[in-house]
Peer 1: 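Please read through the structure below; I'll follow up with questions.
Just so it is clear, the values below take in all heavy atoms, side chains as well, and ignore hydrogens, waters and symmetry mates. Counting convention: from 1, in listed order, for ligands and their atoms alike. Remember, predicted model here, so these are calculated numbers, not experimental data. Numbering of residues begins at 1 and proceeds along the displayed sequence.
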Amino acid sequence: MSDSDGKKTLGLRGSGSRPGNVKQSFSHGRTKNVVVETKRKRVVVPKPGAGKGGAGGVAAGDASRRPAGISDAEMERRLKALQAAKARESEEAAQREAEEKARAEERERRRAEQEVKEREQREAEERARQKAEDEERKRKEDAEAAKRAAAEKAAPKADKTAGTPAEARGPAGAAKPAAQAPRKAEREREERGRGTKVRNDGGRRSGKLTLSQATGGEGGRQRSVASMKRKQERARQKAMGQIEREKVIREVQLPEAIVVSELANRMAERVADVVKALMKMGMMVTQNQTIDADTAELIIEEFGHKVVRVSDADVEDVIKEIIDADDDLEARPPVITIMGHVDHGKTSLLDAIRDAKVVSGEAGGITQHIGAYQVTTDSGAVLSFLDTPGHAAFTSMRSRGAQVTDIVVLVVAADDSVMPQTIEAIAHAKAAGVPMIVAINKIDKPAADATRVRTELLQHEVIVEAMSGEVQDVEVSAHTGQGLDELLEAIALQSELLELKANPDRAAQGAVIEAQLDVGRGPVATVLVQKGTLRQGDIFVVGEQYGKVRALINDKGERVQEAGPSVPVEVLGLNGTPEAGDVLNVTETEAQAREIAEYREHAAKDKRAAAGAATTLEQLMQKAKDDETVSELPILVKADVQGSAEAIVQAMEKIGNDEVRVRVLHSGVGAITETDIGLAEASGAPVMGFNVRANASARNTANQKGVEIRYYSVIYDLVDDVKAAASGLLSAEIKENFIGYAEIKDVFKVSNVGKVAGCLVTEGVARRSAGVRLLRDNVVIHEGTLKTLKRFKDEVAEVQSGQECGMAFENYEDIRPKDVIEIFERVEVTRTLD
Ligand code: GDP
């Protein structure tokens, strides 16, 4: 600095009088350098001044010196001024900054206050408008308006927060170098300009805020002028919109839970709007999520619709019981179930009545498959007989709400009298409140003692007419046909007393007697129509299934167009297989049918879940392990049809006392599979196959793991075995031994013999004297004896494994290639069940 001072004096002097070169030559060696340097230095600083010098002077050095000379003193002043200005500036800036900060804070506070105020104001306005206008539409718009307002407010807020802390850093200020010391006026201009550009309120608000700070509350109102305009505009739009949509206030059916999209659908609102409204309520949900009824109700009200709370079960309302007027009622045939102890002749009687020979085809004398048929008595009365597998089916149907039976015919063999299942049957009939007619069967037998039967029945409070009671009793013989007409007339008489009536001219209602999945025809249900008339093309719901009647087939196998009260028909056109006892109802639309079916399915699922029903193998095992209070006999049941499976399970549930009980781990329809064996093995349970067989892999696994598979073709045998096992009383008895298996390769028709199966013995031996069963897909479809066993042209007693042979069944012709013939013998063994 001291150097530069000296140079400056020299330079100044020289430059003051003349062009600096002369003076420079005097003190050449020393000063020259100095001067040059000084000049140069000076040239640099006062550039604006140099311009002026340049205009007057010729040489470049001249021009540089002059301004240097002039500006030196001036420069100092200027510098000082500049510094002072800078100091002032920074002071001011700091001050401004502090002010700004305070203002920003204030603004923030004001804004919050204003927002609250505005919201309140808006709400008040809204309320007022709501009174005048339709409530619902307004609210919806309000929600949107609030959103928009919030968005608008958010934008200026962002601007302000960026701009306020240091205004100089605003878009305009930042562009100018700080060294140039923009003037305050300039700045202010800038600020104003920017203010107007960005938002009038910003600048105005900041000024007014200070004011309003002092006065309090004034700023908010003034600021809201613009927003008021917007609000008015919005309100106008709103009002316009409302006029258009005013009519669509809907009654929204609200179940206990509803999917968001379905809720929107029912309100006829956009899903996005509903989701938005839910978000506003703090619920972040997608359109596919389910919300509870309370939340949904708020939304429905928000949208201005009416809430109609419905319970899920209300979907069933469409099929609610219609009370038929007396005038509409017409007499209908009675529905009869034949019950009684095993081997007392139920099947024989049913067959005798139908005058058909099904007996030989049935295994073991128990009705295997649930069916039904109608007969007409000599006197012209029509009777509908149910062909049910014993009492379990009767009760299981009843427990499903299908009270189908009007009259029970209790069959008691005259030579055997009252037996355990006779007593059971009596109990069932009484429990159901169904009148009984006693058929004392096998009266043709020498050992027949009808009086004994009557007397023994007395002990069970069944007082027959012959004993001065009210229960009709008829002595019959299924074999000779004796007393059959009398029995039918007794039934007709009883039915007259009951005055059975139904309205045939209404939507049909019926009960499923039997249902199965038919390979060719799909799910098939035998339905006994109870009310109304079921017609082809009717849409219906049955249990958890629904469908449209594709075809109706009567008990004679004929296609019919309709079925009235008490008529059993096979119904085709179901979407799934219902269960015996399920009620069928005709609905108006498929949507209704489907809704009801789906509701029932869910309800059933919930019920199962609530009951803690185990579904997986592990759950089953865990449950069995946990339950240690009672000792259990676990079993697995597989049966040919659902009806049988149910009947067995019901019978199993009845077995046992406080100490022991039978637990059916699993029951199902179809062949015994490896999964079944796995479950049985894990639980140490035997597998009970009722008219079904294990497939090959299941058989192997069972052998390896030591799982017992027992096959039955008579429910009572199965029940007896389990009973005996449960009470530890297994005794020696006749048991079946499988001695061979043969596969049918081809079927031939031979005159005088009928159908003959060309077979290959695949296992063991085929023996002429042995019993045979025909298995199709591991399900027993026939049991009987062989009519012929031929090897080449000769009748033989035995055919060994690996050899081909011809076989024909006694009284049975429905044989097909790939069917399997099971050959068994009965041997006496000691029973083991565990
Ligand atoms: P379910 O088990 O009650 O169905 O009895 P079934 O109808 O299978 O009959 C059992 C056995 O009794 C069969 O061997 C029939 O032939 C025989 N049976 C049935 N009814 C009569 C009858 O009226 N008289 C005679 N003698 N035997 C009969």
Side-chain angles (χ1 to χ4, degrees), residues 336-373 375 385-394 405 408-426 428-429 436-450 452-454 457 473-488 490 513-514 640-641 643-644 647-648 651 690-691 712-721 734 771 773 780 782-785 810-812 826:
I336 303 115
T337 302
I338 294 191
M339 294 171 94
H341 195 76
V342 65
D343 278 351
H344 278 200
K346 297 183 293 292
T347 315
S348 308
L349 202 56
L350 276 163
D351 291 342
I353 292 167
R354 188 163 45 177
D355 199 24
K357 299 281 180 203
V358 224
V359 191
S360 53
E362 289 282 3
I366 186 169
T367 316
Q368 303 297 352
H369 298 187
I370 308 166
Y373 64 82
V375 293
F385 282 90
L386 286 192
D387 184 0
T388 65
H391 317 151
F394 182 80
T405 305
V408 165
V409 170
L410 180 69
V411 179
V412 188
D415 61 340
D416 206 18
S417 197
V418 175
M419 296 301 280
Q421 276 128 35
T422 316
I423 301 164
E424 255 182 49
I426 295 168
H428 287 312
M436 255 183 300
I437 293 173
V438 176
I440 303 171
N441 193 27
K442 305 195 189 181
I443 203 73
D444 60 300
K445 280 199 166 182
D449 186 350
R452 186 171 147 230
V453 173
R454 294 188 178 100
L457 282 173
D473 61 310
V474 187
E475 292 179 10
V476 295
S477 166
H479 272 192
T480 64
Q482 177 192 337
L484 281 189
D485 289 338
E486 264 180 75
L487 176 65
L488 295 182
I513 306 299
E514 179 191 29
D640 52 351
V641 292
S644 312
I648 293 165
F690 181 73
N691 277 344
Y712 295 90
S713 48
V714 177
I715 292 183
Y716 295 124
D717 285 353
L718 191 159
V719 174
D720 283 351
D721 272 7
I734 304 291
R773 286 196 187 91
V780 179
H782 171 72
E783 182 178 322
T785 50
E810 199 84 64
N811 296 323
Y812 192 82
R826 293 199 160 93

Peer 1: Looking only at heavy atoms, what is the nearest atom pair of Asp343 and Lys442, with distance?
Peer 2: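 Minimum heavy-atom separation between Asp343 and Lys442: O-NZ, 2.6 Å.
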Peer 1: Based purely on interatomic distance, does Ser477 place a nitrogen or oxygen under 3.5 Å from a nitrogen or oxygen of ligand 1?
Peer 2: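 N/O-N/O distance below 3.5 Å exists for this pair.
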Peer 1: Measuring from atom 24 (N) of ligand 1, which candidate in Leu484, Leu350, Asp415, Asp444 has the nearest non-hydrogen atom?
Peer 2: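 Looking at heavy atoms only, the winner is Asp444.
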Peer 1: Side chain or backbone, does Ala478 bring an N or O within less than 3.5 Å of an N or O on ligand 1?
Peer 2: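 For ligand 1, there is an N or O atom that lies under 3.5 Å from one belonging to Ala478.
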Peer 1: My understanding is that we take every heavy atom of each candidate and find the minimum distance to atom 20 (N) of ligand 1. Doing that for Asn441, Thr480, Ile715, which one comes out nearest?
Peer 2: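 The option holding the nearest heavy atom is Asn441.
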Peer 1: Any chance you could measure Asn811, atom CG, to His782, atom NE2, to the nearest 0.5 Å?
Peer 2: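 The CG atom of Asn811 sits 7.5 Å away from the NE2 atom of His782.
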Peer 1: Return a yes/no value for Gly345: is any of its N or O atoms, backbone included, closer than 3.5 angstrom to an N or O of ligand 1?
Peer 2: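 So ligand 1 has an N or O lying under 3.5 Å from an N or O of Gly345.
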Peer 1: Under a 4.0 angstrom heavy-atom cut-off, which atoms of ligand 1 come close to His341?
Peer 2: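 Answer for ligand 1: 3 (O).
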Peer 1: Hey, which atoms in ligand 1 end up nearer than 4.0 Å to a heavy atom of Val342?
Peer 2: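 Those atoms are 2 (O).
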Peer 1: For Asn441 and Val411, indicate whether the former's side chain and the latter's backbone hold a donor-acceptor pair under 3.5 Å.
Peer 2: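 Checked: no pair found.
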Peer 1: Considering non-hydrogen atoms only, spot the tightest contact between Glu783 and Ser713 and give its length.
Peer 2: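 Smallest interatomic distance, heavy atoms only, reads OE1-OG, 3.1 Å.
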Peer 1: Main chain of His341, side chain of Tyr716: is a donor-acceptor contact present, judged purely on distance under 3.5 Å?
Peer 2: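 Judged by distance alone, no pair lies under 3.5 Å.
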Peer 1: If you take the nearest heavy atom of each of Lys346, Lys442, His479, which one is closest to atom 3 (O) of ligand 1?
Peer 2: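 Heavy atom nearest to atom 3 (O) of ligand 1 belongs to Lys346.
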Peer 1: Ring centroid separation for Tyr712 and Phe690, is it under 6.0 angstrom?
Peer 2: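 No; Phe690 has its ring centre 6.0 Å or more from that of Tyr712.
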